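Throughout, a chain's letter reflects where its sequence line sits, starting with A, and its residues are numbered from 1. This structure is a prediction, so every number in the text was calculated from the model and none was measured.
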Amino acid sequence: MAMTSSQIRNTFLEFFQSKHHHIVPSAPIVVKDDPTLMFTNAGMNQFKEVFLGNMPAKFNRIADTQKCLRVSGKHNDLEEVGYDTYHHTMFEMLGNWSFGDYFKQEAIDWAWELLVDVLRIDKDRLYVTVYGGDKSDGLERDNEAYTYWKKHIAEDRILFGRKKDNFWEMGDTGPCGPCSEIHADIRSESDRKAVDGKTLVNNDHPLVIEIWNLVFIEFNRLSNGSLTKLPAQHVDTGMGFERLTMVLQGKKSNYDTDIFQPLIQELASLAGLTYGADSQKDIAMRVIADHLRAVAFAIADGQIPSNNGAGYVIRRILRRAVRYGYTFLGFEEPFVYKLLSVLSNQMGSNFTEIVSQYELVSKVIFEEENSFLRTLSHGIRKFEQNIKSNPDQKIIDGNFAFELFDTYGFPIDLTKLLAKEKGLDVDLDGFQVKLEEQKNRSRKAAEVAAGDWVIVDNKSVKTEFVGYEASESISKIIRYRQVVTKKISYFEIVLDVTPFYAESGGQVGDTGVLLDGGESIEIFNTLKENNLIVHLSEKIPQNVENEFIAKINTSRRTKIVTNHSATHLMHAALRSVLGTHVEQKGSLVDDERLRFDFSHFSKLTAEEIRKVERLVNGKIRENISAAIATEVPVDKAKEMGAMALFGEKYGDFVRVVSFDPTYSIELCGGTHAESTGQIGSFRIISESAIAAGVRRIEAVTGEFADTFIDHQLDQLQGVRDLIKSAGDVVKSTHQLIEQNHALQKQVEQLLNAKALEKANALLKTDILLGSIRFIETVMEEDGEFIKNVCGNMRSGQSNLIVSIGGKFEGKISLCLMITDDLVNLKNMDASKLIREAAKAILGGGGGQKHLATAGGKNLDGMDQSLEIIRKFVISCNS
RNA sequence: GGGGAAUUAGCUCAGUUGGCUAGAGCGUUUGACUGGCAGUCAAAAGGUCAUCGGUUCGAUUCCGUUAUUCUCCA
């Protein structure tokens with residue numbers, strides 16, 4: 001009996017626990033505070049700061065399983081997922097780490113012990129690779145690792161690999177080092193006899209696969225490409241959980257393991273199909289099973305689908321799933337969300353967020369599916385219109401295919417499919433050309449070039465933040481670098497001590513100055529980058545080695561602080577008014593306002609908004625002092641009832657901010673007012689939806705709240721003055737609108753009646769010009785009215801031409817009506833004729849053949865215009 | 001952050017060299033048929049053509065502004 005996936009996961013963790021590793025929870029799959037990364041894409045992400053030397057390690061030995069998401073990159077492309085047996089968007093990475101503790105020997109010994117002795121993988125099916133060295137880097141092959149491997153495995157199963165496979169780098173610059181991979185050959189006996197497994201290692205064979213990568217971090221790569229030795233050596237390993245499970249469960253595909261099968265089976269039954277019967281449908285089911293996992297975990301960690309950034313990636317993944325379901329499995333209604341219960345049952349015990357966020361995740365997926373199905377039907381309609389208006393085309397224009405894709409979100413492969421059904425081709429080259437153009441445009445707009453850090457003082461590694469208490473400090477520059485984007489060029493400066501708060505947790509970064517004697521350098525923003533506080537300025541001080549006074553803009557900070565505290569009060573108020581399902585999904589606090597996104601499933605009523613405002617303003621008047629506790633163990637903080645956020649990464653010690661521990665208590669690193677009275681007052685200025693199940697509130701405090709109220713009252717007073725009502729303004733305004741509406745109708749009706757009456761009267765004045773009945777008149781009316789009169793004389797009449805001139809407010813208008821029979825039989829054209837006539841009034845005109853209007857400003861020309869028409873009618877008789 | 005589009009009745013949408021008194025389907029209301037429901041037929045109500053400005057004799061239509069939404073790329 002093979003182990004279940006969850007037993008395998010536990011075995012891994014228990015094994016490393018027995019080797020004195022500290023087991024930590026998975027970091028959120030959505031990355032915050034790192035501009036270079038949207039999602040956690042490897043197990044080491046949450047330790048990046050340690051490797052970079054920005055933060056000391058809390059433990060020397062750590063192991064965990066990490067939720068990861070990959071949609072693009074050298075090893076993966078979203079469009080490939082589902083077609084083979086082993087590519088995924090979301091996967092788990094099992095890993096063990098040493099931070100300056102054990103190195104190659106233990107890492108290798110334990111990896112072998114776990115795989116062979118504990119998990120009992122047949123060692124005849126294992127191969128290992130070792131770094132073979134590289135001349136351009138001046139590195140020899142990794143003989144050390146080779147020596148340790150020789151103890152466990154036959155020498156002919158140890159392969160030397162190139163830089164591409166066996167030298168790991170975090171990025172273009174930064175920590176790196178050689179690595180050793182363990183590969184497993186799970187082919188059948190006969191296949192193994194026919195072809196030697198070692199020739200297939202690292203050759204993209206689906207059954208000879210890398211399962212574990214042991215990275216030995218010992219160098220740092222500089223931006224000039226050279227390597228320097230790191231002061232301490234680290235181990236960073238990653239083992240693909242899904243692959244390991246496949247090997248241990250004796251399957252040939254990750255999708256056949258008990259990680260994916262429950263999802264696939266549920267999907268098959270929803271679709272009324274059998275998995276394994278049709279390869280195209282199987283692909284679709286794999287795609288959907290994989291993508292559901294990715295989307296569900298991302299949403300549970302707080303990432304709502306949206307139209308840019310990380311949210312856009314999630315949207316694309318979900319839409320790909322819907323697309324496959326729609327095209328290959330016949331789903332025309334939302335279906336992906338129905339699989340969530342299976343996933344929750346499967347993974348909920350290890351990843352509790354999927355259970356606690358269940359309702360939100362389900363709702364968001366459902367709505368997103370719905371909106372995409374709408375997009376699809378738009379696209380199909382657009383496509384059919386194109387086919388209709390180009391009946392002769394053999395090839396769908398690439399520009400049109402791109403327009404469908406770019407503007408209407410209609411996937412290119414669906415365009416291909418629809419075209420095929422009609423026996424048409426699609427100009428894919430033309431499509432690609434347009435797509436490339438767009439990519440280049442975007443890339444150009446987003447280019448950022450960061451220079452190397454210039455180290456000024458390497459004594460201190462980490463910045464000391466003193467901004468909770470102080471607004472200025474005596475500081476030295478540790479390091480700085482220049483960053484060039486398309487629009488601006490600026491410097492990033494790191495200080496040893498700083499009062500500047502770096503943007504995080506929704507609170508914006510501080511602004512201020514660096515002072516050195518007479519020199520003042522303006523800091524326009526402060527950001528956090530890999531846990532480093534980075535001050536942004538357009539200039540760099542002349543003497544970077546001097547001591548500076550670092551001083552924040554305190555009046556701005558005060559406003560930020562009160563808004564942040566108000567956010568906490570409002571968060572608690574929302575939970576009290578709406579219920580405890582309210583959870584923060586996003587927050588922005590600056591000096592002008594606060595914005596707060598939270599889970600809630602319906603629009604707030606006016607009463608609810610008023611209740612929240614009253615509650616918050618009440619707490620402001622109570623003038624509650626802020627109680628801030630630092631270095632609180634995270635478990636204790638949660639015991640105290642502090643609100644923690646899903647998808648937020650917390651250390652072992654946290655900062656707890658409370659305003660009356662029975663009212664508001666939150667884990668928060670931000671800056672706060674000393675007491676709630678400083679907030680002054682609080683007003684909600686808008687409430688809206690930003691996604692299914694997520695609402696957004698914007699609010700103002702202090703003087704901004706006063707201004708807001710003043711403005712509202714001024715407007716109200718303005719309306720009162722206008723309608724001269726001291727009583728119920730809403731009622732009187734409503735009445736006014738109703739009245740206006742009724743009057744409008746009445747005027748319209750009266751004008752119509754008047755026009756009809758005029759028309760009837762005029763009809764009696766017809767004269768015969770030759771054989772044609774002709775009416776000509778002049779009236780003091782505007783163009784709209786005389787047109788109406790003419791229109792009324794058309795129906796039921798024959799052999800009639802009406803010519804009316806109108807004078808109104810210094811403008812001349814003409815209208816000419818020719819009955820349908822004359823138009824048809826004598827080929828008359830009122831539009832052409834009136835254009836001729838309008839020349840006399842220095843204007844233009846036109847219309848249809850039977851009714852045309854013209855206008856001009858030459859009052860003296862009207863008679864002449866009418867004469868032209870009259871003469872034309874006479875000429876028709878001859 | 002950079003492009004492309006959309007906004008017309010309660011809802012889903014038509015509306016081309018600028019010019020019919022701006023339409024359809026569904027929904028709503030009323031009436032007829034039926035013992036009632038469902039249904040069928042007939043009729044009616046319902047529009048600032050998102051907003052503000054420009055061009056024009058005339059703008060739902062062309063140009064620009066603002067707002068909102070969709071969408072692709074990064």
Side-chain angles (χ1 to χ4, degrees), chain A residues 35-36 38 71-72 305-310 312-313 315-316 319 368 371-372 374-379 381-382 385 388-389 399-412 431 434-448 485-488 686 688-691 737 740-741 744-745 748-749 751-752 755-756 759 782-792 794-795 805-817 820 823 829-832 834-835 837-858 861-862 865:
Chain A
T36 63
M38 285 178 185
V71 283
S72 60
S306 73
N307 54 8
N308 52 37
Y312 180 56
V313 174
R315 169 168 286 175
R316 258 172 55 203
R319 291 188 167 193
E368 188 64 23
S371 100
F372 184 54
R374 263 201 304 275
T375 300
L376 287 184
S377 72
H378 270 120
R381 200 159 48 224
K382 208 83 194 162
Q385 275 170 7
K388 228 177 171 179
S389 51
N399 288 343
F400 175 68
F402 183 74
E403 188 197 337
L404 269 181
F405 169 74
D406 179 56
T407 305
Y408 299 95
F410 199 71
I412 182 67
F431 176 85
K434 299 290 279 187
L435 188 61
E436 272 310 306
E437 277 173 20
Q438 180 175 62
K439 285 189 177 178
N440 288 334
R441 234 192 342 260
S442 297
R443 232 173 257 136
K444 248 188 184 153
E447 259 169 16
V448 176
T485 68
K486 204 182 171 203
K487 281 185 179 155
I488 54 164
S686 79
S688 59
I690 56 163
I737 290 169
N740 182 41
H741 203 230
Q744 242 172 31
K745 283 255 124 132
E748 202 178 306
Q749 274 167 13
L751 280 175
N752 281 339
L756 187 61
D782 68 356
E784 194 63 31
F785 182 78
I786 61 171
K787 187 167 142 195
N788 203 346
V789 173
C790 283
N792 276 310
R794 184 173 152 228
S795 56
K807 276 188 194 170
F808 197 75
E809 291 180 347
K811 274 187 177 178
I812 297 290
S813 38
L814 303 173
C815 189
L816 177 64
M817 191 284 290
D820 292 10
V823 171
D829 187 337
S831 179
K832 265 187 198 163
I834 207 159
R835 216 167 281 141
K839 283 177 182 164
I841 53 170
L842 304 177
Q848 296 98 67
K849 288 184 173 178
H850 49 79
L851 186 73
T853 58
K857 285 173 183 127
N858 180 19
M862 189 166 80
S865 291

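rU17(B) atom C1' lies 15 Å from atom NZ of K832(A), rounded to whole Å. Counting to the nearest Å, the P atom of rG58(B) and the CD1 atom of I841(A) are 11 Å from each other. Taking atom CG of residue N792(A) and atom C1' of nucleotide rC20(B), one finds them 13 Å apart after rounding to whole Å. Residue K849(A) contributes atom NZ, which lies 15 Å from atom C1' of rU17(B) at whole-angstrom precision. The CD atom of E436(A) sits 13 Å away from the C1' atom of rA74(B) (whole-angstrom rounding). Across the protein-nucleic acid pair, L435(A) atom CG and rU71(B) atom P stand 17 Å apart, rounded to whole Å. The interatomic distance linking I812(A) (CD1) with rG58(B) (C1') rounds to 16 Å, in whole Å. The distance between atom CG of N788(A) and atom P of rU21(B), rounded to the nearest whole Å, is 8 Å.
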**Prompt:** Can you give the dot-bracket line for RNA chain B, using ( ) for pairs inside the strand, [ ] for pairs that cross earlier ones, | for pairs with another strand and . for unpaired bases, where Watson-Crick and G-U count if both distances are under 3.5 Å?
**Reply:** (((((((..((((.....[...)))).((((((.....)))))).....(.(((..]....))).)))))))).
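Contact detail for I786(A) and G806(A): the closest heavy-atom pair is CD1-N, 4.1 Å. Residues T853(A) and C815(A) share a closest heavy-atom pair of CG2-SG, 3.9 Å. The minimum heavy-atom distance linking A852(A) with I834(A) is given by the pair O-CD1, 3.4 Å. Taking every heavy atom of both residues into account, L851(A) and K787(A) meet most closely at CD2-CG, 4.2 Å.
Between F410(A) atom CZ and F372(A) atom CZ the span is 8.0 Å, to the nearest 0.5 Å. Between atom CD of residue Q438(A) and atom CZ of residue R443(A) there is a gap of 11.0 Å, rounded to the nearest 0.5 Å. Atom CD1 of I812(A) is separated from atom CG of L842(A) by 10.5 Å, given to the nearest 0.5 angstrom.
Annotation: E403(A), atom CD; neighbour count of heavy atoms from other residues, nucleotides and ligands within 6.0 Å is above 12.
Residue R315(A) is in sugar-phosphate contact alone, with no base atom involved, counting any heavy-atom pair closer than 4.0 Å across all strands shown. Looking at heavy-atom distances under 4.0 Å, T853(A) makes contact with a base. As judged by a 4.0 angstrom heavy-atom cut-off over every strand, G783(A) is placed among residues making no nucleic acid contact. At a threshold of 4.0 angstrom between heavy atoms, the contacts of G847(A) include nucleobase atoms, whether or not backbone atoms are also involved. Residue contacts for G846(A): at a heavy-atom cut-off of 4.0 Å it reaches a base atom on one of the strands shown.
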**Message:** For a side chain to side chain contact (heavy atoms under 4.5 Å, CB included) check, start with the C-alpha distance between H850(A) and C790(A), then their side-chain angles and the critical distance, and finish with the verdict.
**Reply:** CA-CA 10 Å; H850(A) 49 79; C790(A) 283; over 6 Å; no
**Asked** Would S377(A) and R381(A) satisfy side chain to side chain donor-acceptor pair (under 3.5 Å), going step by step from the backbone distance to the final call?
**Response** CA-CA 6 Å; S377(A) 72; R381(A) 200 159 48 224; 5.1 Å; no
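Across rC20(B), rU71(B), rC72(B), the shortest atom-to-atom separation from the side chain of K787(A) is found for rC20(B).
Side-chain atoms of S865(A) come within 3.5 Å of backbone atoms of A837(A) as a donor-acceptor pair (strictly under, hydrogens ignored).
Going from the P atom of rU48(B) to that of rA32(B) covers 33 Å, rounded to whole Å. A gap of 16 Å separates the C1' atoms of rA22(B) and rG58(B), to the nearest Å. Rounded to whole Å, the C1' atom of rU71(B) lies 44 Å from the corresponding atom of rU30(B). Spacing between rG47(B) and rG10(B) at atom C1', rounded to whole Å, works out to 12 Å. With both ends at atom C1', the span from rG53(B) to rA67(B) equals 15 Å, rounded to whole Å. rC57(B) sits 23 Å from rC52(B) when the C1' atoms are compared, rounded to a whole Å. The C1' atoms of rG15(B) and rU60(B) are separated by 9 Å, rounded to the nearest whole Å. Atom C1' of rG4(B) sits at a distance of 24 Å from the matching atom of rA59(B), rounded to the whole Å.
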With 3.5 Å as the limit, what N/O pairs link the protein to nucleotides 13-15 of chain B?
from    : atom 1 : to      : atom 2 : distance (Å)
rC13(B) : OP1    : H378(A) : NE2    : 3.0
rC13(B) : OP1    : R381(A) : NH2    : 3.1

Heteroatom pairs (N/O) under 3.5 angstrom, protein to nucleotides 3-6 of chain B:
from   : atom 1 : to      : atom 2 : distance (Å)
rG3(B) : O2'    : R441(A) : NH2    : 3.0
rG3(B) : N2     : D406(A) : O      : 3.4
rG3(B) : N2     : D406(A) : OD1    : 2.5
rG3(B) : N2     : D406(A) : OD2    : 2.6
rG4(B) : O2'    : T407(A) : OG1    : 2.7
rG4(B) : N2     : T407(A) : O      : 3.1

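Mapping H850(A) and A854(A) onto RNA chain B via the closest heavy atom, the residue that lands nearer the 5' end is H850(A). The 5' end of RNA chain B is approached more closely, in terms of each residue's nearest nucleotide, by S813(A) than by the other of T375(A) and S813(A).
In this structure, F785(A) and S813(A) have side chains that are not in contact, with every pair of non-hydrogen atoms separated by 4.5 Å or more. No side-chain heavy atom of K434(A) sits less than 4.5 Å from a side-chain heavy atom of F405(A).
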